[in-house]
Trainee: 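The following block contains the structure, expressed as structure tokens.
Atoms within a ligand are numbered from 1 in the order they appear, just like the ligands themselves. Values in this document were obtained by computation on a predicted structure and should not be read as measured data.
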Amino acid sequence: MRLLENRWALVSGSSRGIGREIAVGLAKRKCNVIVHGREINHTRETAQLAEACGVRVAAVAGDLGTGEGIEAILRGVAQATNQVDILYNNAAIQNSWKSVWEIPLDEWLAVFRVNLFAMIALCNALVPGMLQRGYGRIINLTSGIQDTPCLAPYSVSKAAVDKYTRDLAAELRGTNVLANYLDPGWLKTDMGGPNAEHEPATVLPGALVPALLDDNGPSGRLFAAQDFKNLD
Ligand SMILES: NC(=O)c1ccc[n+]([C@@H]2O[C@H](COP(=O)([O-])OP(=O)(O)OC[C@H]3O[C@@H](n4cnc5c(N)ncnc54)[C@H](OP(=O)(O)O)[C@@H]3O)[C@@H](O)[C@H]2O)c1
């Protein structure tokens with residue numbers, strides 16, 4: 001099994017759902033992990049699961065919808081390590097279900113703050129260190145959502161995530177800091193709901209593929225976690 005020994009990963013929104021699967025999956029590959037939730041007490045269970053894998057684990061908290069929350073997260077990260085090698089921008093929110101023309105602009109902004117602007121803020125803060133060390137893997141969570149205009153703020157924010165990631169990858173070409181976007185599939189999490197197609201565990205091992213890429217591997221690409229679900 002390919003390991004990530006001596007690496008540190010930050011997984012936003014790893015207090016539950018897909019983020020928890022990813023954080024524990026990384027820890028099983030011997031990667032040190034920083035788990036995150038809006039409140040520190042939300043992160044305890046994931047942290048315990050990761051610690052059981054024998055790696056170093058830190059927990060940070062903060063609301064990605066506010067500047068103060070992002071600063072608190074970055075302060076916590078700096079206390080844990082000066083070396084974030086792998087960044088999963090996983091946390092995201094959906095808007096409330098309404099006809100597309102009835103969704104107030106405030107709600108569009110709230111969704112974009114968490115799903116896009118916070119991702120950009122974390123990349124802005126952590127990419128310079130990756131460039132200095134000549135190694136980085138950025139994985140931005142996207143969605144395959146289609147034809148669901150009642151969730152347009154969410155789905156349009158994810159389209160923006162895709163474009164942002166491709167632009168970031170172009171900027172980072174030749175640096176060994178790789179930026180890719182990951183579609184986890186439709187999963188039974190709090191966000192995906194009970195009628196979703198797949199169990200949360202099926203996001204592995206595919207979700208780890210963009211973190212395990214060889215040096216100067218593909219960047220600016222879409223990875224679909226469900227394509228790998230039968231891989232050991
Ligand atoms: N589930 C699916 O079917 C599906 C499909 C396609 C794409 N995705 C994407 O996969 C990612 C994870 O989804 P999920 O289903 O695991 O979601 P989830 O079960 O709703 O979990 C959301 C995570 O994000 C955190 N979070 C929510 N609002 C936040 C905020 N304002 N600031 C900081 N953290 C916040 C939550 O922390 P707390 O526990 O502290 O609230 C939690 O850890 C998202 O990017 C989502 O868009 C999911």
Trainee: With respect to atom 11 (C) of ligand 1, which of T43, D190, N41, N90 exhibits the smallest heavy-atom separation?
Mentor: N90

Trainee: Less than 4.0 angstrom from a charged side-chain N to a carboxylate O is my criterion; do R2 and D214 meet it?
Mentor: yes

Trainee: Is G185 close enough to touch ligand 1? Criterion: a residue heavy atom under 4.0 Å from a ligand atom.
Mentor: yes

Trainee: Is I18 close to ligand 1, meaning an N/O of one under 3.5 Å from an N/O of the other?
Mentor: yes

Trainee: Would one find an N or O of G13, backbone or side chain, under 3.5 Å from an N or O of ligand 1?
Mentor: yes

Trainee: Mind listing the closest non-hydrogen atom pair of T43 and H36 along with its distance?
Mentor: CG2-C, 3.6 Å

Trainee: Is there a polar contact, in the sense of an N or O pair closer than 3.5 Å, between D183 and ligand 1?
Mentor: no

Trainee: May I ask you to identify the nearest protein heavy atom to atom 17 (O) of ligand 1, giving residue, atom name and distance to one decimal place in Å?
Mentor: M191 CB, 3.6 Å

Trainee: Show me which atoms of ligand 1 lie under 4.0 Å from any heavy atom of G62.
Mentor: 32 (N), 33 (C)

Trainee: List the steps, then state whether side chain to side chain contact (heavy atoms under 4.5 Å, CB included) holds for R56 with T81.
Mentor: CA-CA 10 Å; R56 293 174 67 192; T81 177; over 6 Å; no

Trainee: Just wondering, are more than 12 heavy atoms of other shown residues or ligands nearer than 6.0 Å to CD in E102?
Mentor: yes

Trainee: Could you tell me whether a side-chain N or O of Q83 sits under 3.5 Å from a main-chain N or O of N6, the two making a donor and an acceptor?
Mentor: yes

Trainee: For ligand 1, which atoms sit closer than 4.0 Å to a heavy atom of H42?
Mentor: 38 (P), 39 (O), 40 (O)

Trainee: Hey, does T189 come in under 3.5 Å of ligand 1, counting only N/O atoms on both sides?
Mentor: yes

Trainee: Could you tell me whether R137 sits above the aromatic face of Y135, with NZ or CZ closer than 6.0 angstrom to the six-membered ring centre and within 45 degrees of the axis?
Mentor: yes

Trainee: Group every Ile, Leu, Val, Met, Phe, Trp and Tyr by side-chain heavy-atom contacts under 4.5 Å, then state whether L116 and L151 land in the same group.
Mentor: no

Trainee: Between K163 and D167 (salt bridge meaning N to carboxylate O under 4.0 Å), is one present in this structure?
Mentor: yes

Trainee: Give the atoms of ligand 1, by number and element, whose distance to some non-hydrogen atom of G37 is under 4.0 Å.
Mentor: 40 (O)

Trainee: Under the 3.5 angstrom rule, does the side chain of D162 hit a backbone N or O of T142 as a donor-acceptor pair?
Mentor: no

Trainee: Does any N or O in the side chain of E51 come within less than 3.5 Å of the main-chain N or O of V57, such that one atom is a donor and the other an acceptor?
Mentor: no

Trainee: Which of the atoms in ligand 1, numbered in the order shown and given with their element, are less than 4.0 Å from a heavy-atom of W186?
Mentor: 3 (O)

Trainee: Below a 4.0 angstrom heavy-atom separation, can you tell me which part of L64, side chain or backbone, both or neither, approaches ligand 1?
Mentor: both

Trainee: From the options S157, G192, S15, select the one whose nearest heavy atom is closest to atom 39 (O) of ligand 1.
Mentor: S15

Trainee: Tell me, please: is A196 in heavy-atom contact with ligand 1, that is, under 4.0 Å?
Mentor: no

Trainee: Residue-level breakdown please: for R20 versus ligand 1, do any non-hydrogen atoms fall below 4.0 Å on the side chain, on the backbone, on both, or on neither?
Mentor: neither

Trainee: Under 3.5 Å, side chain of N176 to main-chain N/O of G134, donor-acceptor pair present?
Mentor: yes

Trainee: For ligand 1, find out whether one of its N or O atoms is nearer than 3.5 Å to an N or O atom of L187.
Mentor: yes

Trainee: When you look at N95 and W108, which way does the side chain to side chain contact (heavy atoms under 4.5 Å, CB included) test go after all the steps?
Mentor: CA-CA 8 Å; N95 57 287; W108 280 84; over 6 Å; no

Trainee: Is the closest heavy atom of Q94 to ligand 1 under 4.0 Å?
Mentor: no

Trainee: Counting heavy atoms only, name the option from A61, P184, A118 that's nearest to atom 6 (C) of ligand 1.
Mentor: P184

Trainee: Checking the side chain of K188 only, and the main-chain atoms of E199 only, is there a donor and an acceptor separated by less than 3.5 Å?
Mentor: no

Trainee: Given that the side chain starts at C-beta and the backbone is N, CA, C, O, which of these parts of T142 lies under 4.0 Å from ligand 1, counting heavy atoms, or is it both or neither?
Mentor: backbone

Trainee: If you measure from each heavy atom of P200 to ligand 1, is any distance below 4.0 Å?
Mentor: no

Trainee: Heavy-atom distance to atom 41 (O) of ligand 1: which of E197, R38, E21 wins?
Mentor: R38

Trainee: Which ligand 1 atoms are under 4.0 Å away from a heavy-atom of D63?
Mentor: 30 (C), 31 (N), 32 (N)

